[in-house]
Amino acid sequence: MNYDVVVVGGGHAGCEAACAAANMGAKTLLVTMDMNKIAQMSCNPAVGGIAKGQIVREIDALGGQMGIVTDRTTIQFRMLNIGKGPAVWSPRAQCDRGKFIWAWRSVLDNTPNLDIWQDQACELLTEPYPTPSHINCVNGVAPTKARAIGIKTIWGAEIHARCVIVTAGTFLNGLLHIGRKMIPGGRIAEPAVAHFTESITRHGIHSARMKTGTPVRIDRRSVDFSYLEEQPGENRPYRFSYINNSPCKNYSSISYTEPSAQSPTLPQLSCWTCYTNPAVHEILRSGLADSPLYNGQIQSIGPRYCPSIETKLVTFPDREQHPLFLEPEGTDTNEMYLNGFSSSLPMEVQIEALKQMPAFRNLKVYRPGYAIEYDFFDPTQLKHTLESKIIDGLFFAGQVNGTTGYEEAAGQGLAAGVNAALRCVGTETFIMHRDESYIGVLIDDLVTKGVDEPYRMFTSRAEYRILLRQDDADRRLTDKAYQLGLASKERYDWWQEKKRAIEEIENFCKDFPIKAKEINPSLESLGTTPLQFGVKLEDLIARPQLNFQKLSPFIPQLREILNRPENRKEEIAEAAEIRIKYKGYIERERLVADKMHRLENIHIKGHFDYNTLQSLSTEARQKLTRIDPETLAQASRIPGISPSDINVLLVLMGR
């Protein structure tokens, strides 16, 4: 079999990578162990959350599929951080796990240029070839590098391709832990992938081990919900995907437009909250001697921000309770997910501890929580395209790069798929900067700083949060995606329509005069300071106490423009209001980002032998040699590189 791009792994990274490459015209093959578990939500059946929701919006703006699939399978939607500024608003959806898989399968089955092969990769196929440059020749002979040319599977199939994208998730030499029991596996009841890691590391690529875990799954029929606090979703559904072209949803006081009457695709279900108690903790502590995390059985590092319940007890010994969230797995199942109770303790300890809570006295479970260890590859060995610096044509995306989370994986997968398709036809690359997307922040952090624990995206990791809002992803990315051939004409046309509508509202507010004597009685009724002289409408909108919703009853012209059908779609009024209200902050952050771009434009890769630069610190020489940054800006973000080291490089560059 011969292809342009072969993608190894059918998880969230693999699905986005395969769709992106195929939609750009590359003949693509997705190799997965089980076609019935495409894009399996191995842990929580939810998409989005803090910073993660922004990534999903960016995937959608780029022409990816995660937002569309999520919208089709949402059973609860919430906008997080709504009480804070719009820079950190984050959409989150609880999804139907089973329907999510089949919605993704439908997308893949209907994507041109994309085939699926059910099998397990066991070996990376490579060939040596001379480097194109003669600079490093020894005695006139050019050194050789490896080039990826395909994969071999456990059934003996050889699949040849110009580029290979590895998105194997937790399956590479995966090892499952429940108490002292250890079983090889990539997920519960699914086999691990042996030998594939070794076929990659023999070329000099470094691998290591990480750990993650998942909670117990509970039978809804055994739960006494009278002891739980209900946590409903928003009273009206939102959407992740801009392409759905649905009317604007009113999810804060900042928005004027009326909510849509459109019904969600699936029934909307509640989540439930409860707390552990001292009796639960006592039983959990009794099992610590058999916990793989504390008896030496697990050596690798797990996610610090998502600790297991036993880690919470050890880290916070004085806490008498910890919050738990009971969440539905779908509309047609009794299976529920107990968020906050990730554990690898013996199964009898997990179950007996939970039975100490009133809601779970008659508890029945489908399976206990477990931990999993797996191989990942040092992401500092990658270019910003996610192509290996060591093996040409080999790309990595998802948890194999040391990340965690469906959204982080999907964002990497899309970037790898685009760059693999571009590599098949030329030298053009697609790289998102830190002021363009959270995906750009994610990839830059990985290849520049590396990881010492599973990487999760937070809004705090981005320097330009005002520029990277969830409402603004299409403005930042859709034009670029359309030029690449990634975003469809339909998506591009919808963005152009939305853009015109936003600008119409912005220009109206910028030009419309407000007379003090006419508006002051209304301002006083709204509890805000009256005007001393006339202003433009945008000056009133900029006040924290005011918004379109409050002012439109007193300004007929504003009410008329907001009520036009073209301005009542897809968060248009909200987006315009945010841009008006935060205009000064946006402009200031844009200036800071533009200054950093000056360093991004200073390319240093290949200009220095860092080991000979004695004016640099020893740590700087070592890290610059190992990471070999493309630009001075990337060098400045490497941990341990000081401002004085950057100044030395600036001087040496003649700047």
Side-chain angles (χ1 to χ4, degrees), residues 124 126 131-133 135-136 138 143-148 166 172 197-198 200-210 300-301 375-403 412 415-416 419 429 431 433-434 440-455 461 596 599-600 602-653:
L124 175 71
T126 62
T131 56
S133 173
I135 296 176
N136 297 318
V138 178
T144 59
K145 290 181 65 177
R147 175 167 57 200
V166 177
L172 299 181
T197 296
E198 292 72 21
I200 294 173
T201 55
R202 71 187 181 202
H203 296 282
I205 293 177
H206 302 296
S207 70
R209 300 282 279 175
M210 277 189 176
S300 50
I301 299 174
D375 293 340
F376 79 99
F377 303 98
D378 180 2
T380 62
Q381 301 170 107
L382 302 177
K383 305 172 186 177
H384 276 78
T385 59
L386 296 181
E387 184 182 11
S388 170
K389 296 176 181 177
I390 298 171
I391 303 178
D392 281 8
L394 177 64
F395 294 76
F396 295 92
Q399 284 185 266
V400 293
N401 286 339
T403 66
Q412 293 174 70
N419 281 297
T429 60
I431 297 173
H433 298 295
R434 297 180 70 91
V441 174
L442 164 66
I443 293 174
D444 185 67
D445 279 351
L446 292 176
V447 304
T448 300
K449 302 175 183 179
V451 292
D452 55 11
E453 63 176 349
Y455 180 103
R461 294 190 190 271
M596 181 54 68
L599 295 183
E600 296 284 6
I602 301 177
H603 292 269
I604 60 174
K605 186 178 179 67
H607 285 275
F608 301 111
D609 179 354
Y610 297 110
N611 287 320
T612 66
L613 302 181
Q614 298 303 312
S615 50
L616 295 175
S617 67
T618 301
E619 183 179 14
R621 292 198 298 272
Q622 292 173 347
K623 290 189 171 180
L624 288 168
T625 298
R626 179 170 64 88
I627 296 175
D628 194 15
E630 294 282 344
T631 68
L632 201 59
Q634 185 190 353
S636 72
R637 294 189 290 270
I638 299 174
I641 305 299
S642 68
S644 62
D645 294 323
I646 298 301
N647 285 334
V648 168
L649 295 177
L650 273 171
V651 170
L652 293 174
M653 289 294 292

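Just so you know, these numbers use all the heavy atoms, side chains as well, and skip hydrogens, waters and symmetry mates.
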_Which residues share a side-chain hydrogen bond (donor to acceptor under 3.5 Å, both in side chains) with R621, sequence neighbours left out_ =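 Partners of R621 under the side-chain hydrogen bond (donor to acceptor under 3.5 Å, both in side chains) test: T618.
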Atom [atom1] in [X], atom [atom2] in [Y]: separation rounded to 0.5 Å?
X: L632; Y: E600; atom1: CG; atom2: CD; answer: 9.5 Å
X: Q634; Y: I602; atom1: CD; atom2: CD1; answer: 14.0 Å
X: N401; Y: I443; atom1: CG; atom2: CD1; answer: 9.0 Å
X: R434; Y: T448; atom1: CZ; atom2: OG1; answer: 7.5 Å
X: I390; Y: H206; atom1: CD1; atom2: NE2; answer: 6.0 Å
X: L124; Y: I200; atom1: CG; atom2: CD1; answer: 5.5 Å

I'd like to know if the side chain of [X] reaches the main chain of [Y], judged simply by a donor and an acceptor atom lying under 3.5 Å from each other, with no hydrogens or angles considered.
X: D444; Y: G440; result: no
X: D445; Y: L442; result: no
X: N419; Y: E387; result: no
X: E453; Y: I301; result: no
X: K623; Y: I641; result: no

*Going by distance alone, is a donor N or O of one side chain under 3.5 Å from an acceptor N or O of the other, for S642 and D645?*
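Yes, a side-chain donor-acceptor pair sits under 3.5 Å.
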*Between the side chains of T197 and D375, does any donor sit under 3.5 Å from an acceptor?*
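Per modelled atom types, T197 and D375 side chains form a pair under 3.5 Å.
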*Which heavy atom of A397 sits nearest a heavy atom of V400, and at what distance?*
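Smallest interatomic distance, heavy atoms only, reads O-CG2, 3.4 Å.
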_Nearest non-hydrogen partners of I391 and A148, listed with the distance_ =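 It is CG2-N, 3.6 Å.
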_Let's go through F608 and L624 carefully: what are the C-alpha distance in whole Å and the side-chain angles of both, what is the deciding distance for side chain to side chain contact (heavy atoms under 4.5 Å, CB included) to 0.1 Å, and is it a yes or a no?_
CA-CA 10 Å; F608 301 111; L624 288 168; over 6 Å; no
_Result of checking K389, Q381, K605 against D628 for side chain to side chain donor-acceptor pair (under 3.5 Å)_ =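 Checked K389, Q381, K605 against D628; only one passes side chain to side chain donor-acceptor pair (under 3.5 Å): K605.
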_Suppose we screen for ring pair (Phe, Tyr, Trp, His ring centres under 6.0 Å). Which residues come up paired with H384, at least two apart in sequence or across chains?_
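So H384 forms no ring pair (Phe, Tyr, Trp, His ring centres under 6.0 Å) with any residue.
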Heavy-atom check, side chain of [X] versus side chain of [Y], under 4.5 Å:
X: I205; Y: F396; answer: yes
X: T429; Y: K383; answer: no
X: L613; Y: V648; answer: no
X: I604; Y: L652; answer: no

_Full working for side chain to side chain contact (heavy atoms under 4.5 Å, CB included) between Y455 and K449_ = CA-CA 11 Å; Y455 180 103; K449 302 175 183 179; over 6 Å; no
_Going by side-chain contact (heavy atoms from CB on, under 4.5 Å), P629 matches just one of I638, T380, V447, L649. Which one?_
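Testing each of I638, T380, V447, L649 against P629, the sole residue satisfying side-chain contact (heavy atoms from CB on, under 4.5 Å) is I638.
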*asked:* Is there a side chain to side chain contact (heavy atoms under 4.5 Å, CB included) between T403 and F376? Walk through the geometry before answering.
replied: CA-CA 9 Å; T403 66; F376 79 99; over 6 Å; no
*Under 4.0 Å between a Lys/Arg side-chain N and an Asp/Glu carboxylate O for R637 and E630?*
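Looking at E630 together with R637, the answer is no, because their closest N to O distance does not fall below 4.0 Å.
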*Can you check side chain to side chain contact (heavy atoms under 4.5 Å, CB included) on Q412 and L446, steps first, answer last?*
CA-CA 10 Å; Q412 293 174 70; L446 292 176; 3.7 Å; yes
